[in-house]
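Structure record follows, encoded as structure tokens.
The chains referred to below are lettered A, B, ... by the order of the sequence lines, with proteins before strands, and numbering in each begins at 1.
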Amino acid sequence: MSKTDELNAMRHSLAHILATSVQKLYPGAKFGVGPVVENGFYYDLDLGKKKLSEEDFTTLEKEMHKVIAVNDKFEKFELPINDAIDWAKKTHQVYKQELLNDLKRAGTTVAGDLDAAELGLEAIKGSKVSKVSFYKNGEFTDLCRGPHLESTGKVGAFKLMRVSGAYWRGNHKNAQMQRIYGIAFTTDKELRQHLNMLDEAKKRDHRKLGQELDLFVFSEMVGSGLPMFTPRGTVIRDELAKFSNELRQKVGFQNVWIPHITKSDLYEASGHWAKFGDELFLVKSQETTDELVMKPMNCPHHTRIYASKQRSYRDLPIRYLETTTVYRDEKSGELGGLSRVRSITQDDSHVFCREDQIEGEINNLLAAADELYETIGMKLKVRLSYRDESDAYLGDKKLWESAQKQLKNAVLKNKLNYFEQEGEAAFYGPKIDFMATDAIGREHQVATIQLDFVQPSRFELEYTNEAGENQCPVMIHCALLGSIERFLSVYIEHTAGKFPVWLAPEQIRLITINQEYITTSFADKVLSNAKELGLRAVVDNSNESVGKKIRDAEIMKVPYSVVFGEKEIKSGEIVPRIRSDIEVSDTHQPTKIAEFLQTVANESKSRVSKTSL
RNA sequence: GCCGUCAUAGCUCAGUGGUAGAGCACUUCCAUGGUAAGGAAGGGGUCCCGAGUUCAAAUCUCGGUGACGGCUCCA
């Protein structure tokens, strides 16, 4: 058995042991499904009136350890489907009964249409279903696809993590069950490592850091999912957007500006009304009878700018760029921190080009994305999402094929780490999705580049080709950061709030050793020199001990702190205190103040993450 | 939207049917300081909002708002 197979069997076994223990502690428990998931397993339960809480975990874990200690063999046996249904009826396992009935109804070949994982019956996927498998350990028997370990004693380290609500078969019209989720690893060490990672993730939680580092706030008066950014947070937002824009401006993108509301007619034309309908914020005009909405996306507006003039093939590509906010009325339960908000700022851009220009444009955008994430210090993985053979896609098939080839060429040319996936394309065109890996190994979907064969024709966009005929351009949607809010949530956690100099809201803190005029006025002078160089510096001349002021600067994760006292004033030289994560040169020694400021200004401008100090 | 948990000072949190608390932060004073917390005094609360139960509600009940963990959806 391979290591992953064994881990898989172990997690399955633990789900089974969990069920065994629940059965013992709460007779009459009804079981749903108990699959293996990333890092662990869960089991969906219905205990009738009894609601489990995390306080019950100690008892439950104790019971599980008892089951493990007994080391009963997992005995696998198979039953014909009808007998299995009888078993479910007899044991009042209504959920299992439903699954088995579905299985039976699905006919002799199973699982293709039914979600096999959900059914817990992957073992028989694609095969003739005449029998289903059971596992028995001691007194407890459960329908399960397996595989299981040999016996209960063979499992590794586990921990129950949380309990939450989950609908039976994921459908909110069905009964709500309780899902007990646990993690499991082969060794204690791995379990501890994983718990440490979770702990680290908790420490880095962008909601916590956002508060501590004074980056953004929410107000009950403003509403749910509507973050506001403080001066510090706004620096980071603006610097990120500026960088993202520069990367595209240098390949011909031009800034445009659009209003944030529009008549709903725009989305009726684009076809978004039907799709976005209930996510749109409606705006009521008191002066006109217009039906207005907050924009949930920017592309339709941008098509109007394109369409405002006659376009020649010579004009293409036309490239619009805009960092702007869209508004989506997300379901309240789905909001959270900056990851899901209702005011979403996108570093959005749209290219209108000829079919033969796709590759060149994609190439530019990929290079931009690559440079952005290189600078940010996150590893990128690229997914090429193609169409499959179904007819769920709009637009000319030949155009699709040519475009998909051009996408791939551009990816190859940029030497990006990529994989291809059929059937993942949007209905309106193929796309490239970017996954970034953060400092603690989590993957996040960030940017996308999407081709669009549908909107240009919906909006009747045209250009005149060499032959004097009207042609429809192709549209390319691209946001390098994606949503700035979501990107920030990822990035804050990636850096744990230790932003590189170019993004740090406060780059230098000037700490006075006392409050005498000679000291504070010197610090003020250095401050104004720093400002002249475009640096973000702050003087701390508060009536506190030097130790305290250093500590305050450390807590705020300021990259450079400089203490000013008699020594510095006399010599004009300083030894800056450098945040511990920043790489320094070997020759780190006293520097002239002007030199220090110039060095930091250069670092900021060139967006490097180490220092030559 | 649904299920569950929660909401007390700027922050982190204790408390509980009968006078509202701590630490940090803030203000003032003393100390004039040398690289992660110097000392003292003081100010600060509609205990999320609304209704109900009660002699009495921050505490119990219901409704709303907001946060968190999930389900579903998504950038």
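Listed nucleotides B:G34, B:G38, B:U32 differ in distance to A:E566; the shortest reach to its side chain belongs to B:G34. Considering only side-chain atoms of A:R551, the nucleotide from B:A36, B:U35, B:U12 that sits closest is B:A36. Comparing B:U12, B:U35, B:G38 by their closest approach to the side chain of A:Q211 singles out B:U12. Here the nucleotide nearest the side chain of A:V563, chosen from B:U32, B:G34, B:G38, is B:G34. Relative to the side chain of A:Q515, the nucleotides B:U35, B:U32, B:C74 differ in distance, and B:U32 lies closest. The side chain of A:K548 lies closest to B:A37, out of B:U35, B:A37, B:C74. The side chain of A:S224 approaches B:A67 more closely than any other nucleotide in the set B:U32, B:A36, B:A67. Comparing atom distances between the A:E334 side chain and each of B:U35, B:U72, B:G66 picks out B:U72 as nearest.
Within 4.0 Å (heavy atoms only), A:V446 reaches sugar-phosphate atoms of the nucleic acid but no base atom. If you check every strand for non-hydrogen atoms under 4.0 Å, A:E568 touches a base. Nucleic acid contact for A:V341: base, since at least one base atom lies under 4.0 Å from a heavy atom of the residue. Within 4.0 Å (heavy atoms only), A:D552 reaches no atom of the nucleic acid at all. In this structure, A:R179 reaches the sugar-phosphate backbone alone: every heavy-atom distance under 4.0 Å involves primed, P, OP1 or OP2 atoms, never a base. Residue contacts shown for A:K549 are absent, as no nucleic acid heavy atom lies under 4.0 Å away. Across all strands shown, A:R207 has heavy atoms under 4.0 Å from sugar-phosphate atoms exclusively, and none from any base. Within the 4.0 angstrom heavy-atom criterion, only backbone atoms of the sugar-phosphate kind lie near A:G547; the bases stay farther away. Residue-level contact check: A:E330 touches the bases, meaning some heavy atom is under 4.0 Å from a base atom.
Here the separation of B:G17 from B:A25, taken at their P atoms, is 33 Å to the nearest Å. Remark: the separation of the C1' atoms in B:C3 and B:A9 is 33 Å, to the nearest Å. A distance of about 28 Å separates the P atoms of B:G43 and B:A7, rounded to the whole Å. Between the C1' atoms of B:U35 and B:G42, the separation comes to 31 Å (whole Å). Using atom P as the reference point in both B:A36 and B:C68, the two lie 35 Å apart (nearest Å). For the C1' atoms, the distance from B:G15 to B:U19 is 14 Å, rounded to whole Å.
In this structure, the CD atom of A:E212 is 20 Å from the P atom of B:A36, given to the nearest Å. Distance A:L481 CG to B:A75 P: 16 Å, rounded to the nearest Å. Going from atom CG of A:L45 over to atom P of B:C71 covers 15 Å, rounded to whole Å. The CZ-C1' distance, from A:R486 to B:C73, rounds to 11 Å in whole Å. As a whole-Å value, the separation of A:K567 NZ from B:U32 P is 20 Å.
With a 3.5 Å ceiling on both atom-pair distances, the Watson-Crick or G-U wobble partner of B:A7 is B:U65. The base-pairing partner of B:G17, taking Watson-Crick or G-U wobble contacts with both distances under 3.5 Å, does not exist among the strands shown. For B:G45, there is no paired base (Watson-Crick or G-U wobble, both distances below 3.5 Å). In this structure, B:A40 and B:U28 make a Watson-Crick or G-U wobble pair, each of the two defining distances being under 3.5 angstrom. Nucleotide B:U72 forms a pair with no other nucleotide shown, judged by Watson-Crick or G-U wobble geometry with both contacts under 3.5 Å. The partner of B:C60 is B:G52, judged by Watson-Crick or G-U wobble contacts that both fall below 3.5 Å.
Judged by distance alone, with hydrogens and angles left aside, A:E554 brings no side-chain donor or acceptor close enough to the base of B:U35 to form a pair under 3.5 Å. A:Q450 contributes no side-chain N or O that forms a donor-acceptor pair with the base of B:A75 under 3.5 Å.
A salt bridge (Lys or Arg N to Asp or Glu O under 4.0 Å) with A:E506 is found for one member of A:R536, A:R232, A:K557 and no other, namely A:R232.
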When you look at A:N298 and A:E322, which way does the side-chain hydrogen bond (donor to acceptor under 3.5 Å, both in side chains) test go after all the steps?
CA-CA 9 Å; A:N298 310 308; A:E322 184 176 13; 5.9 Å; no
Applying side-chain hydrogen bond (donor to acceptor under 3.5 Å, both in side chains), run through A:Y267 and A:T262 and close with a yes or a no.
CA-CA 9 Å; A:Y267 302 120; A:T262 172; 5.3 Å; no
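Contact check on A:D238 versus A:K242 returns no salt bridge, with no Lys/Arg side-chain nitrogen under 4.0 Å from an Asp/Glu carboxylate oxygen.
For A:F31 and A:Y43, the distance between ring centers is under 6.0 angstrom. Outside the 6.0 Å centre-distance limit, the rings of A:Y393 and A:F427 are not counted as a close aromatic pair.
The phosphate of B:G38 (OP1 or OP2) has a side-chain N or O of A:S545 nearer than 4.0 angstrom. For the pair A:R328 and B:C73, the criterion of a side-chain N or O lying under 4.0 Å from OP1 or OP2 is not met.
Side-chain N or O atoms of A:R442 include none that pairs as donor or acceptor with a backbone N or O of A:A201 at under 3.5 Å. Side-chain atoms of A:K431 do not come within 3.5 Å of backbone N or O of A:L451 as any donor-acceptor pair.
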